[in-house]
A.B. asks: 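Before we start, here is the structure in question, set down as structure tokens.
In the text below, chain A, chain B and the rest are named by the order of the sequence lines, each starting its count at 1. Quantities reported herein were computed from a predicted structural model and do not represent experimental measurements.
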Amino acid sequence: MVVAESKPIEEILAMVADFDKILLTGCKGCVTVCNAGGQKEVGILASALKIARKKEGREIEIEEITLERQCDPEYIDQLEEPIANDKYEAVVSMACSVGPQYIAKRYEDMLVFPALNTTFIGGSLEHGVWAEFCQACGSCGIHNFGTLCPIARCAKSLLNGPCGGSAGGKCEISPEIDCVWHLIYERMSRLGQVDKMANVVMFKDWTTSRDGGPRKIVREDLKQ
Amino acid sequence: MRLNYPSNIKIINVPCTGRVDILHLLKAVEDGADGVYVAGCLEGDCHYVSGNLKAKRRVTYVKKVLEDIGLEPERVEMYNLSAAQGTRFAEIAREFTERIRELGPSPVGSGAKAA
């Protein structure tokens, strides 16, 4: 999933400082799963903003709505009624950054702000802890590395073994971060594939990643 | 025991402090409570194993939110006591009321009582 986290409340308060009526929109997709922008987090942020503004003596009206997803135009339709009534001065989106961009695209005259920092593609390690597992390089080769991704999980994205900073299975940047090359060696040893580690992996073609510019997938079988 | 405790305390019953949500505490502050405290069982004594520990973490979270928006985090607190400690219950009620009295009314307030 896309993992995100809330921006500092001070930053969000500054964004909405000029407004008295806003629409706060959550998303039931990834950001609900990572407890950053679902219905519950929408409620908490709305309450915190209201408390802060009441304290300043300038109350803010906040309508809360949580869309099925904010990364599909059909679900942005759910905002039609609240926005069409022209009741709101701004929309604050609690989706990953795709959400506010979709809302801004649909409602060209509406000011839209992101309440989250979209952080990485990852998974949960335990309740309340998430880690990065994928960097969306666009050409997955993890099967060559014991099904572990050295692009996302090695601080240097090395493809031919660890650097000199690997010690005791940990990365030199933090004792809390596993050296993925240590994990790759352990797993490939277990699988009896350690000899494959002698193969030199040539430099990666990054054109499938961001180096090729913004990416797009077109499925002719699905297009209408 | 017929113990007295300040009449400004409004009690909201929950089956376990594990039921207390971040939003419950924030809504109380939003609606004007000068202070909110959660009275949970003693740590290690939760009938549901970890309800009071979860409540403690939520109280800590709310304290951080209040601090971020410039409100005194001391307006929210977690206390632990057993159901047999009536004297301690009254003592906590007095202690917290005194703390809030020193802080003064909530700047958010509309005159609601501490809960």
Side-chain angles (χ1 to χ4, degrees), chain A residues 4-22 24 26 28 31-32 34-66 92 94 113 115-117 124-130, chain B residues 12 14 17-38 46 48-78 100 103-115:
Chain A
E5 62 182 347
S6 178
K7 281 180 175 291
I9 295 177
E10 302 96 308
E11 191 179 338
I12 303 170
L13 273 170
M15 287 174 179
V16 301
D18 295 335
F19 313 119
D20 296 321
K21 287 180 181 175
I22 63 164
L24 186 56
K28 292 182 188 171
V31 293
T32 289
C34 68
N35 303 74
Q39 194 172 9
K40 187 167 187 173
E41 291 74 31
V42 167
I44 291 169
L45 179 60
S47 185
L49 294 176
K50 285 180 194 168
I51 292 170
R53 289 289 291 268
K54 271 189 179 178
K55 180 175 154 282
E56 288 171 16
R58 196 173 140 232
E59 290 193 32
I60 185 166
E61 194 180 308
I62 303 177
E63 182 175 327
E64 302 169 28
I65 184 168
T66 303
V92 175
M94 292 189 78
F113 298 90
L116 302 185
N117 287 327
S124 56
L125 301 180
E126 59 180 283
H127 195 61
V129 181
W130 296 270
Chain B
I12 297 166
V14 284
T17 50
R19 178 66 186 88
V20 178
D21 194 79
I22 289 165
L23 205 49
H24 294 140
L25 303 173
L26 283 176
K27 283 287 175 193
V29 176
E30 184 188 326
D31 290 342
D34 296 321
V36 195
Y37 69 87
V38 179
C46 178
Y48 304 102
V49 184
S50 59
N52 49 1
L53 300 177
K54 286 174 179 151
K56 182 184 178 181
R57 291 206 296 263
R58 290 169 192 156
V59 166
T60 305
Y61 183 95
V62 173
K63 277 175 174 282
K64 171 80 171 57
V65 170
L66 295 188
E67 203 173 353
D68 288 347
I69 58 182
L71 265 180
E72 303 92 343
E74 297 82 13
R75 290 187 184 277
V76 177
E77 201 52 81
M78 175 87 199
I100 298 300
L103 288 172
S106 164
V108 176
S110 55
K113 301 283 184 277

A.B. asks: Strictly less than 4.5 Å between heavy atoms, which residues of residues 63-78 of chain B line up against chain A? Please order them by number.
C.D. replies: B/V65, B/D68, B/I69, B/G70, B/L71
A.B. asks: Look at atom OH of B/Y61 and say whether more than 12 heavy atoms of other residues, nucleotides or ligands are closer to it than 6.0 Å.
C.D. replies: no
A.B. asks: Under 4.5 Å heavy-atom distance to chain B, tell me which part of A/I9 shows up: side chain, backbone, both or neither.
C.D. replies: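 A/I9 touches chain B through side-chain heavy atoms alone.
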A.B. asks: If you look at every heavy atom in A/S47 and B/L26, which pair is closest and at what distance?
C.D. replies: OG-CB, 3.4 Å
A.B. asks: Which residues in residues 49-66 of chain A have any heavy atom closer than 4.5 Å to a heavy atom of chain B?
C.D. replies: A/K50, A/I51, A/A52, A/K54, A/K55
A.B. asks: Using a 6.0 Å cut-off, check whether atom NZ of A/K28 has over 12 heavy atoms from anything other than its own residue.
C.D. replies: yes
